[in-house]
Each structure stands twice: as C-alpha cells, then as structure tokens.
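Keep in mind that what you see is a predicted model, and the values were worked out from it rather than measured.
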Amino acid sequence: MSFSIDEWFVITLARTIRNREVVFHGFGSPCAQVAMHVARTTFARDMVLVEGAMYAINPDPPFIPPTSNDASLQRGAAYRMRIEEFFDAAARSDVDRMFLSGGQIDRYGNTNVTAIGPLESPKVKLGGGGGGCNLSATIRQLTLWTTRHRSGRTLVEECDFVTDLGHRTRGGTRSELGFTGGGPQWLVTELGVFDFDEEGHARLRQIFPDVDPDTVRAATGFELRVAADLRQVGPPSSAELAAVRGIDPLGVRRLEFAPEELERTFDFHDGLPCAC
C-alpha cells in the first residue's frame, strides 16, 4: 500500500476528531476540510460537520472545490446555519472542535494570522482572523495544524501578534482570563504530532518515519519537549486512503504543501511503514 505525505497528513488530522463531536473549520482550510469529511465517512459517522464559510450541516459535496465558498459545499446539507447562529452556538460551548492554523504558532498554541513583524510596520500583512479569536475562546477543543513546520519560521517562541488564543498569553492563562474553551489539544505538522502538557506547552508525541527528533528540533523555534513514549505516526488504513482520494480527487489539500514535501511517499508492509 503506497501513499503520499499529504494523504497521511490529512488522515492524521482527521484522527483528532472524536465521534459525535460538532466540528468546524474556517475559510481557506483545505487540509482541515478534507480531514473532516474523511472522519465523517470512516470512523466518526455520527459527528456533526459544519462546513466552513457555508455553515452547512453535514453536507455531501461531490468533491472538495478549490474555494471554501463554493455552492457545491451545501449539497445534501441537513441545514445551513446563519453566521449568528453558529457564533451563538460556539459562545455556549456547543461546538466541540475547531481546526486552526497560522503563519505563526507558538509554544502555547497561540496562532497569528494577522501580521509578521511589528503591527505598526509589519513585514507581512496576513489575512486576519475572521472571528477566530472569539471562537477559540469558547469552543471546547482546538486542533492546530501547519504544513510549513520545516521552514523554521512557523513554530515560534512567541507570536508577533496573537490572533487566536492558545493556552497562555502575556495576559495570563485561559482560566485566569475567564475563557471557557479548553484550548489546543493537538498540533499536527508535516513532521509530527504534538499534544500540550500540563503547563499548556507543546510536546512532541509522534513523528513521521522519515523524520527524527533532531530534524524537528532544528525546525522548532521553542524548547522541544518530547514525550517519554515518542512513537511513529500510525499508518493510514485502506478505508481512510480511499476516503481521501474519493472526497478530494482534485488534490486541493496539496496546495498547502511545499513542492519538496510532496515528494515524500511511503509504503506500508508487514506492519512497518518506511520512506521510499
């Protein structure tokens, strides 16, 4: 069984979802979007999928289009929420999980999609949070992701600007600030999978088989904490791979990856995944 890193990555993202959760992704999030549909068609059939910009509940699109505003993403939906309905649900903590990414992600899981550099004169102006800050404060759990970990610029000690809330900011912890949401639970990158320890600090739990801890450490801008039981990311099943290829025949997920990362392919034989 052969597969590529983009397929394995979105399957790993999908596995952070639990059955019966209400799950949401934001604008322009193809990897998270594919992951949610993979989960719903394989192991989390009773989850409630809220489709990004369309706010459609449990749609059945023929494929994932290149834009998150495509009308096909409403096809077969049980209901389409108004934006105020969704934000009200999130404020009540009726949304279990949201996927978030960022140009920067820091050690406590804060994310920055606002600006790189000083806010008054940024090096790069990013798109902004679009309500993510409000949502990240009250949604029960967050799954973070990035496909640009290896660049060395994404996982940083401290975000230049906090757009979406992690476990701790300069102002205090989530509980000290009165936020009801649980904060980041997982961070998935193209190098491995992190959870967050009792201090709310990212901790490496799993790595892909063609990666070693030194590679992760070199690409990480904060102290790399490593779990005592560090292990390889579990290989995808044939059902999960079929789900990825079925919902995303256009390969929209691949747009998030650097070209050199897409050269990473794997075989799985006799229970041992290996780079090839």
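- Formation of a donor-acceptor pair under 3.5 Å by the R97 side chain with backbone atoms of T16 is found in this model.
- Nearest approach of I5 to L262, heavy atoms of both residues: CG2-CA, 4.3 Å.
- Of all non-hydrogen atoms in I64 and H37, the two that sit nearest each other are CD1-CD2, 3.7 Å.
- Between the side chain of R15 and the backbone N or O of G234, at least one donor-acceptor pair lies under 3.5 Å.
- Using a 4.5 Å heavy-atom threshold, the side chains of M54 and R80 count as touching.
- With rounding to the nearest 0.5 angstrom, the CZ atom of R217 is 5.0 Å from the CG atom of L224.
- Between R264 and S4, the side chains place no donor N or O within less than 3.5 Å of an acceptor N or O (distance only, hydrogens not considered).
- Side-chain atoms of N112 come within 3.5 Å of backbone N or O of A115 as a donor-acceptor pair.
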- Message: One pair to check against side-chain contact (heavy atoms from CB on, under 4.5 Å): T143 and L13. What are the steps and the verdict?
- Response: CA-CA 8 Å; T143 295; L13 265 187; 3.8 Å; yes
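- The aromatic rings of W8 and F208 sit perpendicular, their planes meeting at an angle over 60°, well past the 30° parallel limit.
- Closest approach of F257 and E190 over heavy atoms only: CE2-CB, 4.4 Å.
- Heavy atoms from other residues, nucleotides or ligands lying under 6.0 Å from CZ of R245 number more than 12.
- To the nearest 0.5 Å, atoms CD1 (I207) and CG (L191) are separated by 9.5 Å.
- D195 places no side-chain N or O within 3.5 Å of a backbone atom of A202 that could act as its donor or acceptor partner.
- Taking 4.5 Å as the limit, some side-chain heavy atom of T12 sits within range of a side-chain heavy atom of V193.
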- Query: Between D248 and R254, does a salt bridge (Lys or Arg N to Asp or Glu O under 4.0 Å) hold up when you go through it step by step?
  - Reply: CA-CA 10 Å; D248 189 23; R254 296 169 64 87; over 6 Å; no
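- Hydrophobic clustering of Ile, Leu, Val, Met, Phe, Trp and Tyr side chains at less than 4.5 Å, counting indirect connections, keeps F43 apart from V188.
- From R253, atom CZ reaches atom CG of D6 across 4.5 Å, with rounding to the nearest 0.5 Å.
- There is a path of hydrophobic side-chain contacts, each under 4.5 Å, that joins L100 to L49.
- Note on F27 and I105: separate hydrophobic clusters, where clusters join Ile, Leu, Val, Met, Phe, Trp and Tyr whose side-chain heavy atoms are under 4.5 Å apart, directly or indirectly.
- Aromatic ring centres of F86 and F24: separated by under 6.0 Å.
- Using modelled atom types and a 3.5 Å distance limit, the side chains of D164 and S136 yield no donor-acceptor pair.
- For the 3.5 Å distance criterion, the side chains of R40 and N58 qualify, holding a donor opposite an acceptor.
- Side-chain N or O atoms of D106 include none that pairs as donor or acceptor with a backbone N or O of V156 at under 3.5 Å.
- Looking at R174, its side chain does come within 3.5 Å of a backbone N or O of L165 through a donor-acceptor pair.
- In this structure, the side chains of V216 and V211 come closer than 4.5 Å at one or more pairs of heavy atoms.
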- In sequence, state the C-alpha distance, the side-chain angles, and the governing distance for T138 and N134, and then conclude on side-chain contact (heavy atoms from CB on, under 4.5 Å). CA-CA 7 Å; T138 57; N134 306 62; over 6 Å; no
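- Proximity of a side-chain donor or acceptor of T41 to a complementary backbone N or O of A243 within less than 3.5 Å is not detected.
- Both I83 and F99 are part of a single hydrophobic cluster, where members link through side-chain heavy atoms under 4.5 Å apart.
- Summarising the geometry of I11 relative to V244, their closest heavy-atom pair is CG1-CG2, 3.7 Å, with the distance given to 0.1 Å.
- Taking OG1 from T169 and OH from Y108, the interatomic distance works out to 10.5 Å, rounded to the nearest 0.5 Å.
- In summary, the side chains of T67 and N69 do not present any donor paired with an acceptor at a separation below 3.5 Å, with no hydrogens or angles considered.
- The closest side-chain heavy-atom distance from P59 to L73 is not below 4.5 Å.
- Using a distance-only test at 3.5 Å, with no hydrogens or angles considered, no donor-acceptor pair links the side chain of D160 to the main chain of P118.
- In this structure the side chain of E51 never reaches within 4.5 angstrom of the side chain of M36, judged on heavy atoms.
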- T163 and T114: side-chain hydrogen bond (donor to acceptor under 3.5 Å, both in side chains), yes or no, with the steps? CA-CA 6 Å; T163 311; T114 300; 2.6 Å; yes
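- Between the side chains of W145 and E256, at least one donor-acceptor pair of N or O atoms lies under 3.5 Å.
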- Start with the C-alpha gap between V50 and V22, add the side-chain angles, then the distance that decides, and say whether side-chain contact (heavy atoms from CB on, under 4.5 Å) holds. CA-CA 7 Å; V50 184; V22 178; 4.1 Å; yes
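- No side-chain heavy atom of T173 sits less than 4.5 Å from a side-chain heavy atom of H167.
- S72 approaches P65 most closely through the heavy-atom pair OG-CG, 3.8 Å.
- Salt-bridge annotation for R107 and E158: absent, with no side-chain N of the basic residue lying under 4.0 Å from a carboxylate O of the acidic one.
- By the 4.5 Å heavy-atom criterion applied to side chains, E261 and R150 are counted as neighbours.
- Tested against T220 for a side chain to side chain donor-acceptor pair (under 3.5 Å), the candidates H149, E157, R225 yield a single pass: H149.
- Counted by atom type alone, Q141 and R18 present zero donor-acceptor pairs between their side chains at under 3.5 Å.
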- Query: Could you go step by step and tell me if R140 and E21 meet the side-chain contact (heavy atoms from CB on, under 4.5 Å) rule?
  - Reply: CA-CA 10 Å; R140 293 177 183 271; E21 286 187 332; over 6 Å; no
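- The closest side-chain heavy-atom distance from F9 to C31 is below 4.5 Å.
- Rounding to the nearest 0.5 angstrom, the gap separating the CG atom in L142 from the CG atom in L187 is 11.5 Å.
- Placement of V113 and I116 in two distinct hydrophobic clusters is found when ILVMFWY residues are connected by side-chain heavy-atom separations under 4.5 Å, directly or transitively.
- Rounding to the nearest 0.5 Å gives a distance of 12.0 Å between CD of E85 and CG of D94.
- At least one donor-acceptor pair under 3.5 Å links the side chain of T189 to the backbone N or O of G192.
- Without hydrogens or angle criteria, H25 side chain to G52 main chain gives a donor-acceptor distance under 3.5 Å.
- For an aromatic pair to be called close, the ring centres must be under 6.0 Å apart, and F196 with H201 fails this.
- The two residues F161 and Q104 have their closest heavy-atom pair at N-OE1, 4.4 Å.
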